[in-house]
Amino acid sequence: MYSVLKENFLRYEDAEGIRLNVIRAELFCDTADDLPDANAIKGRLLAMGSIAYVIEAGTMYVMNSDGEWISSGGKEPGSTKLNTVLTGPTNKNLQANEPEDPEEMIDDEPMGSTESE
């Protein structure tokens, strides 16, 4: 079973006389066997970059431009190929800006306006 958590509309696409919404989606699936095909969701077509979290394995999958789900890390079942996780540049020298005095973290101001106009 799978569930669509979020979808972003990208464009319309006509396929075999049917107008589809091309979307980039975020999904949750029970197992890798539950990963939907790119055209499995009625009226929609999953685009490259759609992501799915497989709960059973704790693995993230990303849809490629061929409409295939690719594991973002670890070995694919039945394969000796190790997939890599793509990440942006990192800088290990960066440090969090923490206040020197813990009292600086306290904010006594209420959020939003409490007065009516």
Side-chain angles (χ1 to χ4, degrees):
M1 181 175 174
Y2 68 85
S3 176
V4 177
L5 176 69
K6 180 180 175 182
E7 64 180 63
N8 292 328
F9 173 81
L10 300 177
R11 66 181 180 280
Y12 292 110
E13 187 171 301
D14 292 323
E16 301 174 11
I18 299 171
R19 185 174 225 188
L20 298 173
N21 293 331
V22 178
I23 61 169
R24 186 167 294 118
E26 297 175 11
L27 303 103
F28 283 106
C29 301
D30 286 330
T31 68
D33 290 336
D34 293 329
L35 290 166
D37 292 335
N39 61 355
I41 302 172
K42 186 175 182 176
R44 292 168 173 72
L45 182 64
L46 294 175
M48 178 177 79
S50 291
I51 59 173
Y53 181 73
V54 175
I55 298 166
E56 178 185 63
T59 307
M60 188 70 69
Y61 285 79
V62 182
M63 183 166 282
N64 69 11
S65 61
D66 293 327
E68 301 170 329
W69 291 106
I70 305 297
S71 173
S72 65
K75 288 186 179 178
E76 285 294 310
S79 171
T80 57
K81 179 182 173 187
L82 189 63
N83 293 316
T84 58
V85 178
L86 301 176
T87 60
T90 60
N91 184 343
K92 293 183 180 179
N93 295 326
L94 293 177
Q95 296 179 359
N97 292 331
E98 296 181 12
E100 292 178 19
D101 181 4
E103 294 296 319
E104 290 180 29
M105 295 175 25
I106 298 173
D107 182 9
D108 292 332
E109 297 295 318
M111 290 182 63
S113 175
T114 56
E115 297 178 5
S116 60
E117 295 181 13

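- Taking CE from Met63 and CD from Glu68, the interatomic distance works out to 9.0 Å, rounded to the nearest 0.5 Å.
- When the shell of 6.0 Å around CE of Met60 is examined, it contains more than 12 heavy atoms from other residues, nucleotides or ligands.
- In this structure, CD in Glu13 is found 11.0 Å from CZ in Arg19, a value given to the nearest 0.5 Å.
- The shortest heavy-atom contact between Gly49 and Val62 is CA-CG1, 4.1 Å.
- With hydrogens and angles disregarded, a donor-acceptor distance shorter than 3.5 Å links the side chain of Asn64 to the backbone of Gly67.
- Rounding to the nearest 0.5 Å places CG of Asp34 at 11.5 Å from OG of Ser3.
- In plain terms, the two heavy atoms of Pro36 and Ala40 that are nearest each other are CB-CB, 3.8 Å.
- Of all heavy-atom pairs spanning Gly58 and Tyr53, the tightest one is CA-OH, 3.3 Å.
- Under the 4.5 Å side-chain heavy-atom criterion for ILVMFWY residues, a single connected hydrophobic cluster contains both Leu35 and Val4.
- Minimum interatomic distance between Ala32 and Tyr61 (heavy atoms only, all atoms of both residues): CB-OH, 3.9 Å.
- Between Leu5 and Leu27, the closest side-chain pair of non-hydrogen atoms is not below 4.5 Å.
- Scanning both residues, Thr31 and Val54, for their nearest heavy atoms gives C-CG1, 3.5 Å.
- No continuous path of hydrophobic side-chain contacts links Ile41 to Leu10 [ILVMFWY only; heavy atoms under 4.5 Å].
- Between the side chain of Arg44 and the backbone N or O of Val22, no donor-acceptor pair lies under 3.5 Å.
- Cys29 and Tyr2 make their closest contact through SG-CB, 3.6 Å (heavy atoms, listed as atom of the first residue, atom of the second, distance).
- Clustering ILVMFWY residues whenever any of their side-chain heavy atoms sit less than 4.5 angstrom apart, transitively, puts Leu45 in a cluster other than the one holding Phe9.
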* To do: Just do the side chain to side chain contact (heavy atoms under 4.5 Å, CB included) check on Leu46 and Ile23 with the steps written out, would you?
  => CA-CA 5 Å; Leu46 294 175; Ile23 61 169; 3.9 Å; yes
